[in-house]
Amino acid sequence: MSRVLTEALRPALDIVECSWNATRDKQAGGAGDGKGAGALIIVGRRDQDKFFSNGFDYEVIKGNMSFFNVPTIAAINGHAFAAGMMLSLTCDYRVMTDGSMRRAWMCMNEVHFGAAWPLSFTAILNAKVGSPTVRRRVALEGHRFTPSEALKAGIVDRLVNLAGTSVGNGTEKVLEEAMKLAKEVKGLASQNVWGVIKKYLYKDCLEAVYSDEARVHPVSTNRGAKL
């Protein structure tokens, strides 16, 4: 993910959320279980399968990703380092290449080059990774998690077997599995409480995120999508 792309992430999320709200409102009077269903997938550049994200300005990951109104899925198609790993953790689910075609690591390597974490990073890690031992390996040791290690540690939810996949096609297979997961969980958004429940589930985390952001610029408490 380039800096240009990540700086466009917030307005893009707003557009997606506005579109979902509009679709849900139109379907409100209709019949069937599909009304309001939806999911969002974030993936690295689709023309390569080496990097999901190698880091960027962390400010762009904070905000409505943490309590988006539909399930969010990170399709991790390669290395996820630093803020790239944090971006994946802000999602509700993570699907990752198994590394059989090309090596892929998840790593918070700031400890190795002397960069302090913002408070929001710590809050996100604490909210999404339950084991203190795993959190220590992530934050204080800068461990490079292989896909199998990340799955065992509960950092990712699914791995995609890319054995025999030709170079350049791995991302599409990871995205295919992410879309399969999206179909499984999209109905959870239909009652319009997914985001509300997350706001309370991750209340301490969100307060830390806003506290971090407030040091740079004032933050409105109204985080609804805007056109």
Side-chain angles (χ1 to χ4, degrees), residues 1-10 12-13 42-44 50-68 72-96 99 103-157 198-221 223:
M1 288 188 176
S2 68
R3 182 182 177 89
V4 172
L5 177 58
T6 54
E7 287 176 342
L9 184 57
R10 269 187 168 172
L13 290 173
I42 293 179
V43 65
K50 186 174 182 180
F51 293 103
F52 169 70
S53 175
N54 201 32
F56 49 82
D57 181 357
Y58 75 89
E59 291 291 332
V60 300
I61 76 168
K62 299 189 293 188
N64 57 359
M65 271 300 295
S66 299
F67 54 87
F68 208 62
T72 54
I73 302 167
I76 305 170
N77 57 325
H79 295 308
F81 274 62
M85 180 174 175
M86 277 295 145
L87 175 63
S88 74
L89 287 178
T90 65
C91 293
D92 300 307
Y93 302 94
R94 284 156 290 284
V95 175
M96 187 178 187
R103 287 187 301 179
W105 293 311
M106 296 189 78
C107 179
M108 298 297 295
N109 57 343
E110 287 84 354
V111 70
H112 297 303
F113 59 86
W117 281 27
L119 177 61
S120 55
F121 276 23
T122 306
I124 292 168
L125 182 67
N126 287 340
K128 295 302 184 76
V129 177
S131 167
T133 301
V134 174
R135 292 200 297 261
R136 182 183 67 207
R137 296 190 79 192
V138 172
L140 299 180
E141 298 175 12
H143 179 73
R144 290 184 175 186
F145 286 84
T146 64
S148 59
E149 287 177 331
L151 180 66
K152 184 177 180 180
I155 298 173
V156 301
D157 300 286
K198 285 203 296 184
K199 286 180 183 180
Y200 291 105
L201 182 63
Y202 303 128
K203 180 176 180 292
D204 293 342
C205 174
L206 293 173
E207 287 177 351
V209 168
Y210 294 157
S211 174
D212 241 9
E213 228 175 33
R215 299 173 190 176
V216 180
H217 50 262
V219 177
S220 169
T221 55
R223 310 295 290 184

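It should be emphasised that the depicted structure is a prediction, and the values quoted were computed from it without experimental measurement.
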Sequence neighbours excluded, the answer for side-chain contact (heavy atoms from CB on, under 4.5 Å) partners of Asn126 is Thr122, Arg135
Report yes if some heavy atom in the side chain of Val129 is under 4.5 Å from a heavy atom in the side chain of Val138; otherwise report no.
no
Would you check if the side chain of Ser88 reaches a backbone N or O of Ala74 as a donor-acceptor pair within less than 3.5 Å?
no
Give me the atom names and distance for the closest heavy-atom approach of Gly44 to Asn77.
N-OD1, 3.5 Å
Going from SG on Cys107 to CZ on Arg137, what distance comes out if it is rounded to the nearest 0.5 angstrom?
11.0 Å
How would you list, by chain and number, every residue that makes a side-chain contact (heavy atoms from CB on, under 4.5 Å) with Phe113, sequence neighbours excluded?
Asn109, Glu110, Ala115
Answer yes or no: is there a donor N or O on one side and an acceptor on the other, between the side chain of His143 and the main chain of Val134, under 3.5 Å?
no
Here the gap from Tyr200 atom OH to Leu206 atom CG, rounded to the nearest 0.5 Å, amounts to 11.5 Å
Result of checking Val156, Thr146, Leu151, Asp157 against Met96 for side-chain contact (heavy atoms from CB on, under 4.5 Å)
Val156
Minimum heavy-atom separation for Pro147 and Ala104, please, with both atom names.
CD-O, 3.1 Å
Side-chain donor/acceptor of Arg94 to backbone N/O of Ile155, under 3.5 Å:
yes
Minimum heavy-atom separation for Leu87 to Thr90, with atom names?
O-OG1, 2.6 Å
Could you tell me if the side chain of Leu125 sits less than 4.5 Å from the side chain of Leu89, heavy atoms only?
yes
Kindly confirm or rule out a cation-pi arrangement of Lys128 over Tyr202, judged by NZ or CZ under 6.0 Å from the six-membered ring centre and within 45° of its axis?
yes
Is there a side-chain contact between Met108 and Met86 in this structure, where contact means two heavy atoms from C-beta onward sitting under 4.5 Å apart?
yes
Distance-minimising heavy-atom pair for Ile42 and Cys91
CD1-SG, 4.3 Å
So Val95 and Ile76, side-chain contact (heavy atoms from CB on, under 4.5 Å) or not? Walk me through it.
CA-CA 6 Å; Val95 175; Ile76 305 170; over 6 Å; no
Could you check whether any side-chain heavy atom of Phe81 comes within less than 4.5 Å of a side-chain heavy atom of Trp105, counting everything from C-beta outward?
yes
